[in-house]
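Remarks on the structure that follows.
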Amino acid sequence: MTAPAIDAPDRALYRITEAMRLLSLSRTVIYEQIRAGRLRTVRQGRTRLVPAAAITAYVDLLELEAMRGGTR
């Protein structure tokens, strides 16, 4: 049996503080990216959650922008 990779997405939804840790971004930057539509979130009651797929999509977006030579 092998050990799971560190920080491997094993959950469907992450709290903002967990997304901050996974992406190595500050709370301010996370909320800026959410407002800009670059990081998708969902709401469960009063809690804002970041889907694991949205984290992957955000990283993919950053990689694409890096290959193109910058951000929008």
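No continuous path of hydrophobic side-chain contacts links I30 to L13 [ILVMFWY only; heavy atoms under 4.5 Å]. Residue I16 is not grouped with residue V42 when hydrophobic side chains (ILVMFWY) are merged at heavy-atom distances under 4.5 angstrom, including chains of intermediate members.
Qualifying side chain to side chain donor-acceptor pair (under 3.5 Å) partners for R27, counting only residues two or more places apart in sequence or in other chains: none. By the side chain to side chain contact (heavy atoms under 4.5 Å, CB included) test, R15 pairs with T17, E18, T47, L49, sequence neighbours left out. Under the salt bridge (charged side-chain N to carboxylate O under 4.0 Å, His left out) criterion, E32 pairs with no residue at all, not counting sequence neighbours.
A distance of 9.5 Å separates CD of Q33 from CG of L23, quoted to the nearest 0.5 Å. To the nearest 0.5 Å, the span separating CG on L22 from OH on Y58 amounts to 13.0 Å. The CZ atom of R48 sits 5.5 Å away from the CD1 atom of I34 when rounded to the nearest 0.5 Å.
Here the side chains of L62 and R38 are in contact, with some heavy-atom distance below 4.5 Å.
Taking both residues in full, the closest heavy atoms of A54 and R40 are given as CB-O, 3.4 Å, listed atom of the first, atom of the second, then distance. Of all heavy-atom pairs between V50 and T41, the closest is CG2-CG2, 3.9 Å. Residue Y14 comes nearest to A52 through the heavy atom pair CE1-CB, 3.8 Å, listed as atom of the first residue, atom of the second, then distance.
R43 contributes a side-chain N or O that, together with a main-chain N or O of R46, makes up a donor-acceptor pair within less than 3.5 Å.
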